[in-house]
Number of protein chains: 2
Amino acid sequence: MLAAEARIRPYIRETPVETSAVLGRKSGARVFLKLENFQLTGSFKLRGAMSKLLALTPEQQQRGVVAASSGNFGVAVAHGVQTLGTRGVVFVPADASPAKIDAIRERGVEVRQEDGDCVLSEAKARKYSEDNGLAYLSPYNDPQVVGGQGTIGVELARQLDGIDVVYIALGGGGLISGVAGYLKSLDERVEIVACSSEHSKVMHESVAAGRVLELDSQPTLSDGTAGGVEQGAITLELCRRLVDRYLLVSEDDIRDAMRLIIGHHHVLIEGAAGVAVAGYLQDAEHRAEQLANRRVAIILCGANIAMPTLKGVL
Amino acid sequence: MLAAEARIRPYIRETPVETSAVLGRKSGARVFLKLENFQLTGSFKLRGAMSKLLALTPEQQQRGVVAASSGNFGVAVAHGVQTLGTRGVVFVPADASPAKIDAIRERGVEVRQEDGDCVLSEAKARKYSEDNGLAYLSPYNDPQVVGGQGTIGVELARQLDGIDVVYIALGGGGLISGVAGYLKSLDERVEIVACSSEHSKVMHESVAAGRVLELDSQPTLSDGTAGGVEQGAITLELCRRLVDRYLLVSEDDIRDAMRLIIGHHHVLIEGAAGVAVAGYLQDAEHRAEQLANRRVAIILCGANIAMPTLKGVL
């Protein structure tokens, strides 16, 4: 993890933490927001993408890379590819947003949009990478990517004088596995809370079942955590080992959480960040006594919200 | 200036710069955004407030301070007062937003709301400070405050490999005087462009007249730069010496600029930051040839926008 940090340090921003008095009052905890929405490219995904890109051999880097993503990871890989002066292809699912596709193309990276959801575009990207002898970058199913996301934990440990509980949105599990893995290596008593949208809870249910399930998702404000998980994902076992509790939040919860953060802290967050805040608010309502006087970190994982969505939230 | 920087460094955030491809394409310039909207308290005002607070004698600090502000400066002073563990009173005008008043009170600082506009609340605050033997903090009419704002220039000079043009919103003139003063001390060829809202252009007209004018303002999205200027303000002469060009922008220009930044860069900005972006866009439209291949910095001075205003802008 520290090796990953040393590698990616010049390419990412160390993001600040901010105290949230308004959230703290809900439970009596001291609440700190990790402002990963201030990260370059607007989300934490750059950490994992750079970690993986920099772990490739010079030959692999030079030949170019293949990735699959409906959004933030694709933009992060494109940014990394541009920074390192190499080439890339990103496979996106049928419903990928035009704005995200533009953001990838703008960085000189080829986009291939095909039928199907994100699990299918991951499969197509893997096949394309094998057929063409190119390195494949998974958004979560890769130890180098997980390690890169974990650098958020490295920064948190340095920035805060002790952490008791961390609220993190759960999608493919790369972010939570990386952060939990590092923080628990320092102190295994840190409580890790995984927060998922009721409308898309594939990893949430998969952990409960002990295997990766194929479940449909409904539309959710948290597009960053939505969709299926690749069979054999290493994050399933990491989550089982590292996550202490799992919460589900509703779309209304996510909306309220986003309004609270945007209104009080004047920072932009996307739905996935709202999921983590909503998870904390649920605990603050139902088990405030367990939170009182504890030090709580909430990861605001990204800022990439489409303008019509933002307008709808407000 | 460097002394001011060394003093305030532990109390503020060094804010990042971000390249803006979308703005660059409008003129052929290389455009860099100074993300002062990421500053603690959501605006650059904290720099000037901390600079002044830390320049007081220990006795002055301990007795407490008085400030006048309708918004960001009041919140910044309150934050500084809280950080240093002292006391403060902030005078706000009749039309100050309830959210800003809450943000000041939340930090344990007394708020006095009185009739009249911000020039009047500045006069009342000055009188109160004299009557009670307390230090007065002006939002712009103080060399220590101007010097504090100038630390943005110190960071820009370190972060960028050369700067040709800087676009800055003009209110009382503290921000532009500080940044221009420092950058021109390094290289007097740096072009400083002051951008004002057509709806509130007191300093803009005052500089043209050579004296502080008493002019009415209309409502503007740029509440951070709106309102009158104190008679005898040191910033009038500083602007006359340091600012190369003055631009006026319409409310529609400000709105379009805000939408562009929020939509493309996924960061929240308030109207005053939109004014600087709108100034650049005006130049990009009318004199792109003077901007092509130059290095342009635009200061996104703050993020503190009210939710209904944000909704209206989107």
Side-chain angles (χ1 to χ4, degrees), chain A residues 12-22 24-25 33 35-43 71-72 75 78-79 82-83 97-100 102-103 105-108 159 224 258-270 273 300 302-314, chain B residues 12-22 24-25 33 35-43 71-72 75 78-79 82-83 97-100 102-103 105-108 159 224 258-270 273 300 302-314:
Chain A
I12 62 154
R13 283 188 188 140
E14 172 158 347
T15 56
V17 290
E18 184 153 310
T19 310
S20 180
V22 62
R25 279 196 294 273
L33 304 173
L35 301 183
E36 199 59 14
N37 51 331
F38 286 5
Q39 189 52 264
L40 277 170
T41 73
S43 95
N72 287 335
V75 179
H79 182 89
Q82 186 183 39
T83 304
S97 85
K100 292 274 167 68
D102 285 350
R105 288 211 171 108
E106 211 169 67
R107 291 170 167 89
Q159 292 169 318
M258 293 173 77
R259 287 179 58 88
L260 190 152
I261 295 295
I262 297 170
H264 277 266
H265 287 276
H266 301 291
V267 299
L268 210 56
I269 59 169
E270 61 181 275
L300 301 185
N304 293 331
I305 185 168
M307 297 275 275
T309 311
L310 175 59
K311 196 167 177 180
V313 166
L314 299 175
Chain B
I12 63 154
R13 284 190 186 138
E14 172 158 346
T15 57
V17 290
E18 183 153 310
T19 309
S20 180
V22 62
R25 279 196 295 272
L33 304 174
L35 301 183
E36 200 60 13
N37 51 329
F38 286 5
Q39 188 53 262
L40 278 169
T41 72
S43 95
N72 287 335
V75 179
H79 181 91
Q82 187 182 39
T83 304
S97 85
K100 292 274 167 67
D102 285 351
R105 288 210 172 110
E106 210 167 68
R107 292 171 167 90
Q159 292 168 318
M258 293 173 78
R259 287 180 57 90
L260 190 152
I261 295 296
I262 297 170
H264 277 267
H265 288 276
H266 300 291
V267 299
L268 210 56
I269 59 170
E270 61 181 275
L300 301 185
N304 293 331
I305 185 168
M307 298 274 276
T309 311
L310 176 59
K311 196 167 177 179
V313 166
L314 299 176

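Hydrogens, waters and symmetry mates are skipped; everything else that's a heavy atom, side chains included, is used. We name chains A, B, ... by the order of the sequence lines, and we start the count at 1 in each one.
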If every non-hydrogen atom of B:Val17 is compared with every non-hydrogen atom of A:Arg13, which pair is closest and at what distance?
O-NH2, 3.6 Å
Search all heavy atoms of B:Leu268 against all heavy atoms of A:Val267 and return the closest pair with its distance.
CD2-N, 3.9 Å
Could you tabulate the donor-acceptor pairs under 3.5 Å formed by side-chain atoms of residues 302-314 of chain A, not counting sequence neighbours?
from, atom 1, to, atom 2, distance (Å)
A:Asn304, ND2, A:Thr41, O, 2.9
A:Asn304, ND2, A:Asn72, OD1, 2.8

Using heavy-atom distances under 4.5 Å, tell me whether [X] contacts chain B through its side chain, its backbone, both, or neither.
X	value
A:Glu106	side chain
A:Arg25	side chain
A:Ile269	neither

Give, for atom CD of B:Glu14 and atom CD of A:Glu14, the distance between the pair rounded to the nearest 0.5 Å.
12.0 Å
Any side-chain heavy-atom pair from A:Asn37 and B:His266 closer than 4.5 angstrom?
no
With sequence neighbours excluded, tell me which residues meet side-chain contact (heavy atoms from CB on, under 4.5 Å) with A:His264.
A:Val22, A:Leu260
